[in-house]
Trainee: 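Have a look at this one.
No hydrogens, no waters, no symmetry mates; every other heavy atom, side chains included, goes into these values. Please read these numbers as outputs of a predicted model, since none were measured by experiment. Nothing fancy with the numbering, it's 1 onward along the sequence.
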Amino acid sequence: MIRFAPFFICLGFFALAGCSLPSMDAEISSLMQDKAAHERALKIAEISVKSGNYLAAIDIYQKLLEKNAEDKEVLYELGATYLKAGAALQAIPVFERLEEDVADVEDKDKDEDRDIRPLLGLARANLFLYRPDAAALYFDKCLTLDPEAIDALSGLAIAKDMAGEHLAARLLYVQALELAPENTGLRNNFALSYLMEGQYDAAIDYLSRLALGPDSSPVLRQNLALAYGLSGDEAAAERIARLDLDTATVENNLRFYALLRRMSDKDSLRRLLLGPRSDKPVAVQIPSVPT
């Protein structure tokens with residue numbers, strides 16, 4: 001009989017477990033429902049962001065955080081959505097909170113595993129607020145952790161252009177393009193760095209290859225129109241601008257180009273080209289680092 005003891009012990013174990021199955025099933029069912037509802041909410045928020053309904057997405061993320069304030073992925077998406085909505089000031093404390101959590105992680109020697117997204121978020125927010133020095137500090141931290149982070153290289157180049165350090169910016173673009181030679185956003189920004197320095201011929205030459213090539217887009221074409229406009233070639237600027245814009249917008253842009261040509265203050269010019277977007281019908285679009 002002794003040899004059967006394990007068998008009876010096992011039966012006793014399952015009998016005890018069986019007594020608690022109903023409550024466990026209820027708990028598991030509840031958790032599964034909560035998880036499914038969470039996933040549905042995230043999907044709705046994602047769709048809202050893609051459709052430009054940022055306020056709806058922000059509301060969903062905030063409600064999810066009411067249930068779990070430590071959900072880092074939801075916090076990150078909230079910060080990223082604030083940025084897409086142009087609410088950089090609201091994004092900063094969200095990314096700061098995430099960065100504090102990341103920095104407090106034990107075993108800091110494993111920097112290669114560190115999530116740099118909060119640093120990128122803080123850098124982008126400062127770019128949006130036209131704070132190139134603060135943005136550069138965060139981008140530098142990103143590159144210390146990941147020297148080949150293209151988003152950080154591109155963002156740091158934009159910060160250098162904001163600060164008027166155009167040669168330094170182009171060296172960073174060259175470094176980034178060595179890693180991603182077909183990246184149209186990088187190539188566009190590289191050309192516009194020449195434009196902001198006043199090297200219009202170089203900007204036009206480079207932008208022409210982009211805007212009139214197989215990877216052309218309205219953004220590239222209108223940046224080429226801007227380059228022609230700043231150089232004083234209004235006929236060429238108008239011809240390119242009309243490829244995508246209606247007559248009223250083209251006329252407004254031509255007046256804007258003329259205004260820019262009269263500006264002798266380079267910093268003011270950079271602020272108009274790189275600062276936060278307004279509702280003016282200006283077709284200059286320098287892609288920011290991806291979010």
Trainee: Return yes if some donor-acceptor pair links the side-chain N/O of Asn126 with the main-chain N/O of Leu122 below 3.5 Å, else return no.
Mentor: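 A pair under 3.5 Å: yes.
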
Trainee: Hey, any chance Ile47 and Tyr54 share a hydrophobic cluster, counting ILVMFWY side chains that come within less than 4.5 Å of each other, even indirectly?
Mentor: no

Trainee: Please lay out, stage by stage, how Lys50 and Glu46 fare under the test salt bridge (Lys or Arg N to Asp or Glu O under 4.0 Å).
Mentor: CA-CA 6 Å; Lys50 287 180 178 179; Glu46 180 186 349; 3.2 Å; yes

Trainee: Could you state whether Tyr76 and Ile44 fall into the same hydrophobic cluster, counting links through intermediate Ile, Leu, Val, Met, Phe, Trp or Tyr residues with side-chain heavy atoms under 4.5 angstrom apart?
Mentor: yes

Trainee: For the CD1 atom of Ile240 and the CG atom of Leu220, what is their distance to the nearest 0.5 Å?
Mentor: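 It is 11.5 Å, given to the nearest 0.5 Å.
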
Trainee: For the pair His166 and Lys160, evaluate side chain to side chain contact (heavy atoms under 4.5 Å, CB included) and give the outcome as yes or no after the intermediate values.
Mentor: CA-CA 6 Å; His166 303 299; Lys160 295 296 183 184; over 6 Å; no

Trainee: Is it the case that the side chains of Ser154 and Asp151 hold a donor-acceptor pair, with the cut-off being a distance below 3.5 Å and no angle test?
Mentor: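 Absent: no donor and acceptor within the cut-off.
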
Trainee: Which atom names give the shortest non-hydrogen contact between Ala227 and Leu195, and what distance separates them?
Mentor: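 Where Ala227 meets Leu195 most closely, the heavy atoms are CA-CD1, 3.6 Å.
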
Trainee: Does a side-chain heavy-atom distance below 4.5 Å link Glu99 with Tyr138?
Mentor: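 Not touching, per the 4.5 Å side-chain cut-off.
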
Trainee: Do Leu259 and Val250 belong to the same hydrophobic cluster, where Ile, Leu, Val, Met, Phe, Trp and Tyr are linked whenever their side-chain heavy atoms lie under 4.5 Å apart, directly or via other members?
Mentor: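 Yes, Leu259 connects to Val250 through the hydrophobic network.
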
Trainee: A side-chain contact here means heavy atoms from C-beta on lying under 4.5 Å apart; do Leu212 and Leu207 qualify?
Mentor: no

Trainee: Over all heavy atoms of both residues, which pair between Asn188 and Leu210 is shortest? Give the atoms and the distance, please.
Mentor: N-CD1, 3.8 Å

Trainee: Would you check if Arg187 and Glu182 make a side-chain contact, meaning some heavy-atom pair closer than 4.5 Å?
Mentor: yes

Trainee: Can you give me the closest heavy-atom contact between Asp161 and Ala169, atom names plus distance?
Mentor: OD1-CB, 3.4 Å

Trainee: Quick check for you: to the nearest 0.5 Å, what is the distance between Asp205 atom CG and Tyr194 atom OH?
Mentor: 9.5 Å

Trainee: Quick check: do Leu226 and Leu260 have side-chain heavy atoms less than 4.5 Å from each other?
Mentor: yes

Trainee: What do the steps show when you test Leu120 against Phe139 for side chain to side chain contact (heavy atoms under 4.5 Å, CB included), and what is the final call?
Mentor: CA-CA 7 Å; Leu120 281 174; Phe139 284 127; 3.9 Å; yes

Trainee: Honestly curious: do Met196 and Tyr130 fall in one hydrophobic cluster under the side-chain, below-4.5 Å linking rule?
Mentor: yes

Trainee: Does the side chain of Lys67 reach to within under 4.5 Å of the side chain of His38, using non-hydrogen atoms?
Mentor: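 Answer no - side chains too far apart.
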
Trainee: Between Glu73 and Arg117, does at least one N-O distance fall below 4.0 Å, as a salt bridge requires?
Mentor: yes

Trainee: Report, as yes or no, whether the 6.0 Å neighbourhood of atom CD on Glu148 holds more than 12 heavy atoms from other residues, nucleotides or ligands.
Mentor: no

Trainee: Just verifying a value: how many Å separate Thr81 OG1 and Asp59 CG, rounded to the nearest 0.5 Å?
Mentor: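 Here the interatomic distance stands at 12.0 Å.
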
Trainee: Are Ile58 and Gln62 packed together at the side-chain level, in the sense that at least one heavy-atom pair is separated by less than 4.5 angstrom?
Mentor: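 A side-chain contact under 4.5 Å exists here.
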
Trainee: Under 3.5 Å, side chain of Arg270 to main-chain N/O of Met162, donor-acceptor pair present?
Mentor: yes

Trainee: Could you pull out the closest heavy-atom pair between Ala80 and Phe95, with the gap in Å?
Mentor: N-CZ, 3.5 Å

Trainee: Please tell me whether Thr184 and Asp215 have a donor and an acceptor in their side chains that are separated by less than 3.5 angstrom.
Mentor: no

Trainee: Can Leu179 and Leu153 be said to form a side chain to side chain contact (heavy atoms under 4.5 Å, CB included), step by step?
Mentor: CA-CA 10 Å; Leu179 299 169; Leu153 285 168; 3.8 Å; yes

Trainee: Before you tell me yes or no, could you show the steps for Asp71 and Leu75 under side chain to side chain contact (heavy atoms under 4.5 Å, CB included), namely the whole-Å CA-CA distance, both residues' side-chain angles and the distance that decides it to 0.1 Å?
Mentor: CA-CA 6 Å; Asp71 191 322; Leu75 273 169; over 6 Å; no

Trainee: Please identify each residue that fulfils salt bridge (Lys or Arg N to Asp or Glu O under 4.0 Å) with Glu96, with sequence neighbours left out.
Mentor: none

Trainee: Tell me whether Glu234 is salt-bridged to Arg261, with the criterion being a basic N under 4.0 Å from an acidic carboxylate O.
Mentor: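 Result for this pair is yes, salt bridge flagged.
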
Trainee: Specify the closest pair of heavy atoms between Ile60 and Ala41, including all atoms of both residues, with the distance to one decimal.
Mentor: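 Heavy atoms of Ile60 and Ala41 come nearest at CG2-O, 3.5 Å.
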
Trainee: Measure the OG-CZ distance between Ser208 and Arg221 for me, rounded to the nearest 0.5 Å.
Mentor: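 That separation rounds to 13.0 Å.
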
Trainee: Rounded to the nearest 0.5 Å, what separation is found between the CD1 atom of Ile116 and the CG atom of Asp146?
Mentor: 5.0 Å

Trainee: Side-chain contact test, heavy atoms from C-beta onward, threshold under 4.5 Å: evaluate it for Asn189 versus Ile158 and give yes or no.
Mentor: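 Answer yes - side chains close enough.
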
Trainee: Taking the six-membered ring for Trp, are Tyr206 and Phe190 ring centroids under 6.0 Å apart?
Mentor: yes

Trainee: Pair Arg242, Glu251 - check salt bridge (Lys or Arg N to Asp or Glu O under 4.0 Å), show working.
Mentor: CA-CA 10 Å; Arg242 286 189 181 279; Glu251 291 174 354; 5.0 Å; no

Trainee: Can you find a pair of side-chain heavy atoms, one from Asp246 and one from Thr249, that are under 4.5 Å apart?
Mentor: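 Yes. Closest side-chain heavy atoms under 4.5 Å.
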
Trainee: Does the pair Lys84/Glu77 count as a salt bridge with the N-to-O cut at 4.0 Å?
Mentor: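 A salt bridge is absent here (no side-chain N lies under 4.0 Å from a carboxylate O).
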
Trainee: Determine whether Tyr200 and Met263 fall in the same hydrophobic cluster, where Ile, Leu, Val, Met, Phe, Trp and Tyr are linked whenever their side-chain heavy atoms lie under 4.5 Å apart.
Mentor: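 Both belong to a single hydrophobic cluster.
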
Trainee: Give the minimum heavy-atom separation between Ala88 and Leu129, together with the two atoms involved.
Mentor: CB-CG, 3.8 Å

Trainee: Just verifying a value: how many Å separate Tyr228 OH and Leu224 CG, rounded to the nearest 0.5 Å?
Mentor: 5.5 Å

